[in-house]
Amino acid sequence: MTEINRQAYRDAMAFLYCKIRNDQEGMATLVQGMDPGPTLDAMADMSLGIASIATEGQPTLWLNVVRGQLDALLDELERGGLA
């Protein structure tokens with residue numbers, strides 16, 4: 001397991017900001033300079049933290065809902081409905 005350090009969290013946050021702004025150049029620049037293992041772990045950690053908050057400490061509930069609706073969500077995304 002990789003160690004999630006401060007830089008990994010910073011890189012993950014910066015990448016998510018670029019993603020939400022659709023900043024392709026920013027994402028490409030970040031990817032070139034980041035350590036992917038810890039950064040992906042940091043993103044997963046942050047996502048599960050949000051899921052835990054949203055479900056009152058039950059992040060597995062959130063994952064189960066998303067897994068159960070994944071195909072429908074992906075279909076909607078392909079139609080441009082989740083943008």
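With contacts defined as side-chain heavy-atom distances shorter than 4.5 Å, the pair Y9/T39 does not qualify. With a 4.5 Å cut-off on side-chain heavy atoms, N22 and Q24 count as touching. The shortest side-chain heavy-atom distance between M46 and L16 falls under the 4.5 Å cut-off.
Between the side chains of D71 and Q69, no donor-acceptor pair of N or O atoms lies under 3.5 Å. Using modelled atom types, one finds no donor on one side chain facing an acceptor on the other under 3.5 Å when comparing Y17 with D23.
Within 6.0 Å of CG on L70 lie more than 12 heavy atoms contributed by other residues, nucleotides or ligands.
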Check residues 26-36 and write down every donor-acceptor pair under 3.5 Å in which the side-chain atom is one partner and the other belongs to a residue at least two apart or another chain.
from : atom 1 : to  : atom 2 : distance (Å)
T29  : OG1    : E25 : O      : 2.9

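Closest approach of A8 to A42, counting heavy atoms only: O-CB, 3.7 Å. Scanning both residues, T55 and Q58, for their nearest heavy atoms gives OG1-O, 2.8 Å. Here the closest heavy-atom approach between residue M43 and residue A12 is recorded as CG-CB, 3.6 Å.
Expressed to the nearest 0.5 Å, how far CG of L48 lies from CH2 of W62 amounts to 6.5 Å. For the atom pair CG of N5 and CZ of R10, the computed distance is 9.0 Å after rounding to the nearest 0.5 Å.
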